[in-house]
Amino acid sequence: MNLKFLKIIRWSAVLPLVIITVSAGIFFSIYFPVMLKNGIISAGEAVFGAKVEIKNVTLDYTKLGITISQLVVANKNKPMTNLFQIGEIKFAMKPLLLLEKKVLVEEMSVKDVQMSTARKTDGTLPPKKVKKIVKKEKKKKRDTYVDKLMFSIKQKAQDEINKIPAVKDAKTVEKEIKNINIDELLAKEKDSLETPKLIQTLVTDSDVKYNKLKSDIDSLKVDDQIAAVKVLVEEVKKIKINTIQDVQPAAQQVQELTKKNEGLIEVTKKLGTIQQETTIALAKSDLVKQINSAIQTDYQNLLSKIKLPEFSQGNIAKVLFGPMWTNYVEKTLTYINLVRKYMPPKADKKKFAVQRAKGKDIYFYKEQSYPTLWIKKSLLTGQLPTQFAFSGAIFDITTNQQLINKPILVEILGAQSGQKYSLTCEFDRRQDVAQDTIKLGMKNLPLGNFDFGDVKYLPKIEQGNINIESAFVLKGEELNCEMELAINEIKYVPKNAPGDFLAEIVHDLVTGLKNITVKAKLYGKMDSLKSELESNIDKILSEKIKSIYGKKVEELKKELKTKLDTMVNTEKEKFLQQYENKKSEVEKQIKDILAKIEEQ
């Protein structure tokens, strides 16, 4: 009977089928995992631009399952650091749908996800491979709006910062101050100074006044009048009246002497007037006031030529946190850009090709209709850089959201001992306009969980707890980003060697600041972006920085004032001394003349 059964079998058909099946099994057992591994590595390196490594890929034929072990993706910007690594990816596919060239995964598990882990080898791709990837990318027609948007954000941020007086590189500012040579400036501007010109004018004017006063005094001929009076006095003393005839000549001489005395009295009055004119005309206080005013004018003119930099209220937050905020937005948009490149709007358009007619097109979704790829649920577990555990899921990764009427949704959450981490993403391609949303929240997490970046001028933060709520939405070409950041219980790295000027100022002031808050917004389209950024540091530091920075400026101003005073004071004091001598000479001359008259 067994022989009869064997005779029924068509061995000519069965044997080739068996051989083909066994060969296919051997092929898939030996070569398919290698091909799949190489395919994943090639695709990953093209996407992330850095080395991708996989330890092993295995197949489970009973469940049509695939397990990928130790997937590691390097960070192209930090070659000795991994962007992320995954311990294990495991999933099974629906076998019957494979016959339709469709992949349906009910549940995928992604275990032991870790971010920013250290590498032992450089993660940079070889130059030839990089050129090959770039060449392929150039051939592909992709939506580059996000790339242009990121460039526009960088440009806008830089333009805004460049408009801020406080944002000039502190080393440059300090260098500019140190390079200001007051001696050279005074030598160069010597001929344009008003003070020396004024002193020369005052010298000429004082000589004219002095000569006029001397002339007025000399014109009185006081010595001649006194000599004449003396002669008359001697003659009067000699008068002897012996007869009546002697009375008339004696009376004439007395009358003439009285007239001469009256002349001296008049001279005395004129000398008093000249003395008053001397006090007014040669008033030293008025001259000093004029000279000092000229010195102040020269000082201000010289200051205007130095063009000292200034700090203004409301600039400090943008100086300190503007680059950090821009980098944060750029990094988030990089992920959105990645999604948009590999998940463009309206996937599988052929499915919806319809003949247009009057009326409205309505699509009826079938429960048993499946897109080319649909991973319904991916369960995630892993750790943040500070060993903070998280778990979550990614729902509905698909090539056709319109068919399943669901967006891709990412929900990741971690919580322990009052600390919390949450990440929610939604990538929606169901409408004509793509909408991508990423929301990140942290509560009381160690600062290491957030790439705070190298915030210029701010002392390096050694320890602190971070709280952040941020949302990034890109709907079509409309961007809307918001962030509220708070860092508490801050400890700074001890101050090392002196840095640049502004860094030292900020370090001295901020080290006593235990809490920092930042609020930032960026919204609009590429050609009309608007940004807002504020921080408690503005209120705390602005006036203090101005004050301390002002001391540096005041030192320079003081040096200029001192050297200007030194330069003009020699001429000033020389003139004032000569002026005082001339005034004293006139006053002494008047005093001596009055004394002579008094003797008479």
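Nothing here was measured: the structure is a model prediction, and the numbers come from that model. Both backbone and side-chain heavy atoms feed into the values below; hydrogens, waters and symmetry mates do not.
Looking at every heavy atom in both residues, G49 comes nearest to K76 through O-CB, 3.5 Å. In this structure, D122 and P79 approach most closely via the heavy-atom pair OD1-CB, 3.1 Å. Among all heavy-atom pairs drawn from I516 and S535, the shortest one is CG2-OG, 4.3 Å. Residue V329 comes nearest to C481 through the heavy atom pair CG1-SG, 4.2 Å, listed as atom of the first residue, atom of the second, then distance. In this structure, M483 and M324 approach most closely via the heavy-atom pair CE-CE, 4.3 Å. Between A74 and A50 the shortest heavy-atom distance is O-CB, 3.3 Å.
The side-chain heavy atoms of T332 and L440, taken from C-beta on, include no pair separated by under 4.5 Å. When side chains are defined from C-beta on, L533 counts as touching W325, because their heavy atoms get closer than 4.5 Å. Using a 4.5 Å heavy-atom threshold, the side chains of N569 and T566 count as separate. Inter-residue side-chain proximity for L564 and I182 is flagged as unmet; no heavy-atom pair is nearer than 4.5 Å. Side-chain contact check for L474 versus R340: some heavy-atom pair is nearer than 4.5 Å. Counting only heavy atoms from C-beta outward, the side chains of L485 and T517 never approach each other to under 4.5 Å. Side-chain contact between T81 and R119 is absent, with no heavy-atom pair separated by less than 4.5 Å.
The salt bridge (Lys or Arg N to Asp or Glu O under 4.0 Å) contacts involving residues 565-577 comprise K561-D565, where partners must be two or more places apart or lie in separate chains.
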Worksheet entry | side chain to side chain contact (heavy atoms under 4.5 Å, CB included) evaluation trace for N301 with E189 | CA-CA 10 Å; N301 290 338; E189 301 295 330; over 6 Å; no

Practice prompt. Check the pair N77 / L83 against side chain to side chain contact (heavy atoms under 4.5 Å, CB included), numbers first and verdict last.
Written response: CA-CA 9 Å; N77 298 320; L83 187 63; over 6 Å; no

Item to complete: Take Q296 and N292, measure what side chain to side chain contact (heavy atoms under 4.5 Å, CB included) needs, and give me the verdict at the end.
Response: CA-CA 6 Å; Q296 185 62 26; N292 288 342; over 6 Å; no

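Annotation: K188, atom NZ; neighbour count of heavy atoms from other residues, nucleotides and ligands within 6.0 Å does not exceed 12. Annotation for E489: atom CD does not count as buried by contact number, only 12 or fewer foreign heavy atoms lying within 6.0 Å. Residue-environment remark: NZ (K563) exceeds the threshold of 12 foreign heavy atoms within 6.0 Å.
Atoms CD and CG, from E532 and L522 in turn, are 10.0 Å apart once rounded to the nearest 0.5 Å. The CD atom of E559 sits 10.5 Å away from the CG atom of L185 when rounded to the nearest 0.5 Å. Atom CD1 of residue I291 and atom CD of residue E194 lie 13.5 Å apart, to the nearest 0.5 angstrom. Rounding to the nearest 0.5 Å places OG1 of T326 at 13.5 Å from OH of Y328. A distance of 13.0 Å separates NZ of K557 from CG of L302, quoted to the nearest 0.5 Å. To the nearest 0.5 Å, the span separating CE on M115 from CG on L384 amounts to 8.0 Å.
Listed by chain and residue number, K519 satisfy the side-chain contact (heavy atoms from CB on, under 4.5 Å) test with E484 (two or more places apart in sequence, or in another chain).
Remark: the backbone N or O of E330 is paired with a side-chain donor or acceptor of T334 at under 3.5 angstrom. With hydrogens and angles ignored, the 3.5 Å screen pairs no side-chain donor or acceptor of D298 with any backbone N or O of L193. Proximity of a side-chain donor or acceptor of E469 to a complementary backbone N or O of G441 within less than 3.5 Å is not detected. The closest donor-acceptor contact from the side chain of N536 to the backbone of N515 lies under 3.5 Å. N82 contributes no side-chain N or O that, together with a main-chain N or O of S116, makes up a donor-acceptor pair within less than 3.5 Å.
Side-chain contact, Q577 with N581: a donor N or O sits under 3.5 Å from an acceptor N or O. Looking only at atom types and distance, the side chain of Y523 has no donor-acceptor partner in the side chain of E482 under 3.5 Å away.
Among I336, L333, V473, the one residue that satisfies the side-chain contact (heavy atoms from CB on, under 4.5 Å) test with L479 is L333.
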